[in-house]
Engineer: 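Could you have a look at this structure, given as C-alpha cells, before my questions?
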Number of protein chains: 2
Amino acid sequence: MLSREQIIDTAVELLDAGGEGALTVRAMTERLATGSGAIYYHVGTRDELLDTATETVVTAALATKPGGASVTPEEEIRAVALALFDAIAEHQWLATRLTLQIIRNPIGPVTVGIFERIGRQVGALGVPQAAWFDATATLVHYILGAVSQNARVDGDTSDVEAGVDREEFLGAASRAWQELDPDDYPFMHAIVDQMREHDDREQFLTGIALVLDGITNLR
Amino acid sequence: MLSREQIIDTAVELLDAGGEGALTVRAMTERLATGSGAIYYHVGTRDELLDTATETVVTAALATKPGGASVTPEEEIRAVALALFDAIAEHQWLATRLTLQIIRNPIGPVTVGIFERIGRQVGALGVPQAAWFDATATLVHYILGAVSQNARVDGDTSDVEAGVDREEFLGAASRAWQELDPDDYPFMHAIVDQMREHDDREQFLTGIALVLDGITNLR
DNA sequence: ACCTGAACACCGTTCAAGT
DNA sequence: ACCTGAACACCGTTCAAGT
C-alpha cells in the first residue's frame, strides 16, 4: 500500500535532483507506479506536497542533537544556523519554498519551530525579556536571509568537481565585477579580491557573530 | 507598435494583482491585444520576463534620491532598506523572485546595485577595509531576509481594511501561539504579547540598528 | 478506505506564414 | 523588423469506476 511517507520521500528526491520544475504529478506517478488520484488522496495538491516536503526537511534539520549541558547559547545558535545552512545546500529548492511558507503560514510548525529554537537561546544570552521578540526576529531574519541567498545552483557534480565549479564561479564573478565602471561602482572594485577568496560558510559565521554582538549589547 | 516597456508594465500589473500564477502568456496577449509570438520576440521566455520585471522594480526602488550632502551613512542605509521594504510590500511576488535572482545571477544588476549602494555606506561608517565585504554581506543578507519574510499576503483590500486584516491576522497568530503546549514552547508563550503589539516596520528598523551596532563595533 | 486512469481545462513555446 | 495564431507537448486536478 502507498504511504504518505513514501510520497514525500519521492518528492524530495525529485526536487533535489531537478528543482521545483522536476516535481510533476506525472513524474511522481511513474516513480511510484501508481495513478495520479492516489497522490491527491494521500497528500493533496502539488502545492500542499511542496509544503509538506519543506516541513519534513526543515524539521529533520532542526532535530539535530539538542546539545549537551555544557553548550553555550552562542554555540547552540551557531549549530541551528549551520544545520539550516547545510539543509539548503543539500536541498536548494528550499530557498524560495521556505520564504513562501513563512509568508503564507507564519503560525505553522516550520516558523514556530525555528523561532522557539533560536528564541530560547536569546533568552539564555541574558537579553532583557522586553527585547526578546525583536532580538529573535532579527536573528531569524538574518539566518534565513543568509542561507537562502547562499544557496548555489551547481548541478549534480561530485565533491571534487564542486570545488572546481566554485573557483570557476568566483573567477567569473570577480571578472564581471572588474569590468564594471570604476566610477559607478567604486565599492565593488574595492572588494573584488575579498570576494574571490571568501568562504560562504565562514562569512555566514562572521555575520552571526556580528548580529550576536549587537544582541548582547542589549543587556 | 508593441514596446518592451509596455510588456514589462503589463507583467508587473498582473503580478501585483494576482501573484506569480496570474502571469500567463495568454493573460498577457489578451491585455496587450497581441499574439504570443510578439511577447517572445520582445522579452523572451516567461521566466526571462519575470527576471526583467524584478530588475525593473528593484532598480526603481533603489533610484530613490541619493540623499543630500548632510545625510549620515546610517540614514542612507535605512533609506535604502525601507525602499526595499516598501517595494516588497507593494509587489509581494518579489519576495521569492528576488531570492531566485540573487542565487541564479549573483553578478547581475540587481545584486550588484544593492551591494554597491549599501557597501559605500559601510565604508563611510569607518569600518576597516578588510571587513568591508563581510560587513556588507551581513547587512544585505539581513535586509533582504527581513523584507522577504515580512511580505504579507493580504489580497487587494483598501488601506482601512488592511488595518483590520492586520489586527485579525495578529489575533489569529497570537491565539495559535497560546494554544501551543507551554512545556514544548515556553519561548513562544513568553513573547505572545510582544508579537501581538509589534509593528513590522519598526521591528525592521530595530533590527537594522542592531546589525549596524555590531558593524560599527568592527572599528 | 484506497486506488485507477481517462478526461478536462489550461499551460509555455515554437514556427511557418504574413506584413 | 515585427507580429499572428494554430499547433504541440506538457501541465495539475477531478471523478466515475473499480477493489
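Please read all numbers here as calculations on a predicted model, not as lab measurements.
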Engineer: Rounded to whole Å, how long is the line connecting atom CZ of A/R4 with atom P of C/dA1?
Structural biologist: 17 Å
Engineer: Heavy atoms only, 4.0 Å cut-off, all strands: where does A/T29 land among base, sugar-phosphate and nothing?
Structural biologist: nothing
Engineer: Hey, which sits more toward the 5' end of DNA chain D by its nearest nucleotide, B/S36 or B/S3?
Structural biologist: B/S3
Engineer: Would A/D51 and A/R46 pass as an ion pair if we require N to O under 4.0 Å?
Structural biologist: no
Engineer: Between B/R117 and B/E76 (salt bridge meaning N to carboxylate O under 4.0 Å), is one present in this structure?
Structural biologist: yes
Engineer: Provide, to the nearest angstrom, the distance between the CZ atom belonging to A/R46 and the P atom belonging to D/dC10.
Structural biologist: 17 Å
Engineer: How long is the line joining OH of A/Y40 and C1' of C/dC8, in whole Å?
Structural biologist: 13 Å
Engineer: Calculate the interatomic distance between B/E48 atom CD and C/dT13 atom C1'; express it in whole Å.
Structural biologist: 12 Å
Engineer: Regarding B/R201 and B/D86, does a basic nitrogen lie under 4.0 Å from an acidic carboxylate oxygen?
Structural biologist: yes
Engineer: Where each residue is assigned the nucleotide of DNA chain D containing its nearest heavy atom, which of A/A38 and B/Y41 is assigned the position nearer the 5′ end?
Structural biologist: B/Y41
Engineer: Quick one: A/L49 CG to D/dC11 P, roughly how many Å, whole number?
Structural biologist: 15 Å
Engineer: Is the B/W177-B/Y185 ring centre distance short of 6.0 angstrom?
Structural biologist: no
Engineer: Between A/D9 and A/R4, is there a side-chain N and carboxylate O pair less than 4.0 Å apart?
Structural biologist: no
Engineer: Heavy-atom nearest nucleotide on DNA chain C for A/H42 versus A/R26: which residue maps closer to 5'?
Structural biologist: A/H42
Engineer: Could you tell me how far apart B/Q6 (CD) and D/dC2 (P) are, to the nearest whole angstrom?
Structural biologist: 13 Å
Engineer: Taking CD1 from B/I7 and C1' from C/dG12, how many angstroms apart are they, rounded to a whole number?
Structural biologist: 15 Å
Engineer: Which value, in whole Å, describes the distance between the P atoms of nucleotides D/dC2 and C/dA17?
Structural biologist: 22 Å
Engineer: Check A/A27 against A/T24 and note the closest heavy-atom contact, atom names and distance.
Structural biologist: N-OG1, 3.0 Å
Engineer: List DNA chain C stems (3 or more consecutive Watson-Crick/G-U pairs, under 3.5 Å)?
Structural biologist: C:4-8 with D:12-16, C:12-16 with D:4-8
Engineer: Got a salt bridge between A/R120 and A/E116, using NZ or NE/NH1/NH2 to carboxylate O under 4.0 Å?
Structural biologist: yes
Engineer: Under 4.0 angstrom, heavy atoms only, what part of the nucleic acid is B/L23 near: base, sugar-phosphate, or nothing?
Structural biologist: sugar-phosphate
Engineer: Find the distance B/E30:CD to D/dG5:P and express it as a whole number of Å.
Structural biologist: 13 Å
